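Below: the structure, in structure tokens.
Atom set for the values below is all heavy atoms of this structure, side chains included, hydrogens, waters and symmetry mates excluded. Reminder, nothing fancy here: chain letters follow the sequence lines and each chain counts from 1. Bear in mind that the values here come from a model prediction, so they are computed numbers and not experimental data.
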2 protein chains.
Amino acid sequence: MVTNEYDAHIAVTPAPGDPAGDRAGDPGRDAGRATFAAELDGGWIVGGGVNGGYLLATLGNAIRATVPDKPDPLSISAYYLSASVPGPASVTTEIKRDGGSVATVAAELWQGDRARITALATYGDLSALPDDVATTAAEPDLPPRDRCVPNTMAPDDVRRIAPMMDRFEMLFHPEHVGWAVGQPSGNGVISAWFRLKDGREPDPISLLTVVDLLPPVTFDLGRPGWAPTLELTAHIRARPAAGWLKVRHATRNVAGGMFEEDCEVWDSAGRLVAQSRQLARLPRE
Amino acid sequence: MVTNEYDAHIAVTPAPGDPAGDRAGDPGRDAGRATFAAELDGGWIVGGGVNGGYLLATLGNAIRATVPDKPDPLSISAYYLSASVPGPASVTTEIKRDGGSVATVAAELWQGDRARITALATYGDLSALPDDVATTAAEPDLPPRDRCVPNTMAPDDVRRIAPMMDRFEMLFHPEHVGWAVGQPSGNGVISAWFRLKDGREPDPISLLTVVDLLPPVTFDLGRPGWAPTLELTAHIRARPAAGWLKVRHATRNVAGGMFEEDCEVWDSAGRLVAQSRQLARLPRE
């Protein structure tokens, strides 16, 4: 039963008819294909488009429904083809391989005859993984939440173009929001506390949204503006514990009009639960 | 004209007939599809399988032939489905979007009726990118080549199971090869100088091989053995200058029986030309 707005927004339902059906005869290919209907919610608009992390979770939700015995994304790679708009969408899925403990699935998000996202993913069961943890990465050093800067302090004109900001609580490291007052640090790092609206607890699917929600790390480099994603790959490494998440964006290679953005998501138990990297275009100066 | 063994090994030729042809009628999809024949060379065997980076470059070569006006991989994401064997293979490609300065293509490497790799990639023209460089990443600190440890010093039994090592020169940082004598550093870092055999100069396609050639970084953690790749995404950020490359592998999150391996490739001009990350399974203890 859907009890939270986030779950309603990423919901997918099996669709009658399968536009991919006429491919079922491909030689040597798994015939496991499905199509789902989704409704992209305008509440996830940010600037000119619909947030890519929200779209990724919707796509990821359809993949989960395609291989229900492999409920969790281990790795998903999304290539963004065109800008989505609020409203109806369909997600087509095709099982590439389903054997042993993992399944690899191709998925595409469509609106009308326009492909928005094409993706590949490998799903499995995170709860079935061994419990060894030898992480050497350092957890983001965030001040207590009451000393961080809530995104709700953003000016009205920003809130107007980013209704997405009403979908969650995001409390920025005070040293990482200088860009909000015209004083970017130039370090190329942004970190924040995060939780979904109404305290909806994190899970492996919602982490696909979390990895693409912070402002582009280029804000911290004095390059505000939209940074369109070419490609984003997320690795979900563990089921997140309940509670607030710590999210960190960083970049180390701004060059050739593009930059990589690495995201880490740490859960309330101090576990690195998600790592992602995207390749994006620099905002125009 | 093919003049070097590497170019011969990654060569692809248009194949008569197109097993993907019966998909040409998919509603709303680009009909641009092609099939290529390849011959996987046994010279790239390492341990039980054929090196994944060699396979990726062969696949990437077929994508380049599919969108010749977009010659360079900007991003490629490969999901490894089954272990390839030396011998004939086919690569099918399907253009997902070709517009403006980039094209996104899906590609699959097949042997008989077995899919080996399924991949997505966005190609463009690296020479057409703006020349801004604001990289904050640090170049690997490698001693002069004459003070590094050549892979040719590996024991005969290792050379026997890894004929791949005859395809290139790899000179390890002396502090990163303790694992070779039973004394891994435990830092999770391996770096080396690299160039292909016969001095074949690096290019954007060969970088797809370079990002997956060093021993698994788990060797440096005292976990030798095969670390099967689930997923590998490479971003090619610039055309490499001629000369030796510096390659660095590192991991920061060994957990749940898996680890991420980040690879950086720096060219002789001190430019970070490739970044990749793969998710792999830990070798069994």
Side-chain angles (χ1 to χ4, degrees), chain A residues 19-20 22-23 25-30 74-75 77-79 81-82 96-97 102 104 106 108 110 112-115 118-122 126 129-138 187-188 221 230-231 233 235 237-238 251-260 262 271-272 275 277 279 282, chain B residues 19-20 22-23 25-30 74-75 77-79 81-82 96-97 102 104 106 108 110 112-115 118-122 126 129-138 187-188 221 230-231 233 235 237-238 251-260 262 271-272 275 277 279 282:
Chain A
D22 60 357
R23 293 187 295 168
D26 288 359
R29 285 158 196 269
D30 189 303
L74 303 181
S75 176
S77 301
Y79 283 69
L81 304 175
S82 61
K96 296 294 186 178
R97 179 178 181 276
V102 298
T104 298
E108 295 189 349
W110 288 75
D113 64 355
R114 300 274 295 167
T118 183
L120 288 169
T122 290
L126 287 168
L129 296 180
D131 56 9
D132 62 293
V133 177
T135 301
T136 54
N187 296 329
L221 298 174
L230 292 176
E231 179 272 339
T233 293
H235 296 161
R237 301 296 303 275
T251 186
R252 300 164 62 247
N253 191 25
V254 178
M258 300 189 287
F259 66 103
E260 103 283 18
D262 285 353
R271 177 90 182 253
L272 178 49
Q275 291 170 285
R277 175 176 289 168
L279 182 65
L282 280 173
Chain B
D22 59 356
R23 293 186 295 167
D26 288 358
R29 286 158 196 266
D30 188 303
L74 303 181
S75 176
S77 301
Y79 283 68
L81 304 176
S82 60
K96 295 294 187 180
R97 180 177 182 275
V102 298
T104 298
E108 296 189 350
W110 289 74
D113 64 355
R114 299 275 296 168
T118 184
L120 288 168
T122 289
L126 286 168
L129 296 179
D131 57 9
D132 62 293
V133 177
T135 302
T136 54
N187 297 327
L221 298 175
L230 293 176
E231 181 271 339
T233 293
H235 297 161
R237 300 297 303 275
T251 186
R252 298 164 63 246
N253 191 25
V254 177
M258 298 189 288
F259 66 103
E260 103 284 20
D262 285 352
R271 178 90 183 253
L272 178 49
Q275 290 170 287
R277 174 175 290 167
L279 182 66
L282 281 174

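In terms of heavy-atom proximity, B:A255 sits nearest to A:R271 at CB-NH2, 3.8 Å.
Using a 4.5 Å heavy-atom cutoff, the side chains of B:V254 and A:T135 are not in contact.
In terms of modelled atom types and a separation under 3.5 Å, the side chain of B:R252 and the main chain of A:T136 share no donor-acceptor contact. Proximity of a side-chain donor or acceptor of A:Y79 to a complementary backbone N or O of B:S77 within less than 3.5 Å is detected.
Proximity to chain A is limited to the backbone of B:A119, based on heavy atoms less than 4.5 angstrom apart. Of the two parts of B:L282, only the side chain, counted from C-beta on, holds a non-hydrogen atom closer than 4.5 Å to a non-hydrogen atom of chain A. Proximity to chain A (any heavy atom under 4.5 Å) is shown, for B:A134, by both the backbone and the side chain.
Here A:L120 is the residue among A:V102, A:L120, A:L129 with the most heavy-atom pairs under 4.5 Å with chain B. The residue among B:G188, B:A121, B:A238 with the most heavy atom pairs within less than 4.5 Å of chain A is B:A121. When the candidates A:V133, A:L221, A:L126 are compared by the number of heavy-atom contacts under 4.5 Å with chain B, A:V133 comes out ahead.
Here the CZ-CG distance, from B:R97 to A:L81, works out to 7.0 Å after rounding to the nearest 0.5 Å. To the nearest 0.5 Å, atom CG of residue B:L272 and atom CD of residue A:E260 are 7.5 Å apart.
When each of A:H235, A:R277, A:E231 is tested with B:T233 by the rule side-chain contact (heavy atoms from CB on, under 4.5 Å), just one qualifies, namely A:E231.
Not counting sequence neighbours, B:R237 has no partner by the salt bridge (Lys or Arg N to Asp or Glu O under 4.0 Å) test. For B:L230, the side-chain contact (heavy atoms from CB on, under 4.5 Å) test picks out B:M258, B:L279, B:R281, with sequence neighbours left out.
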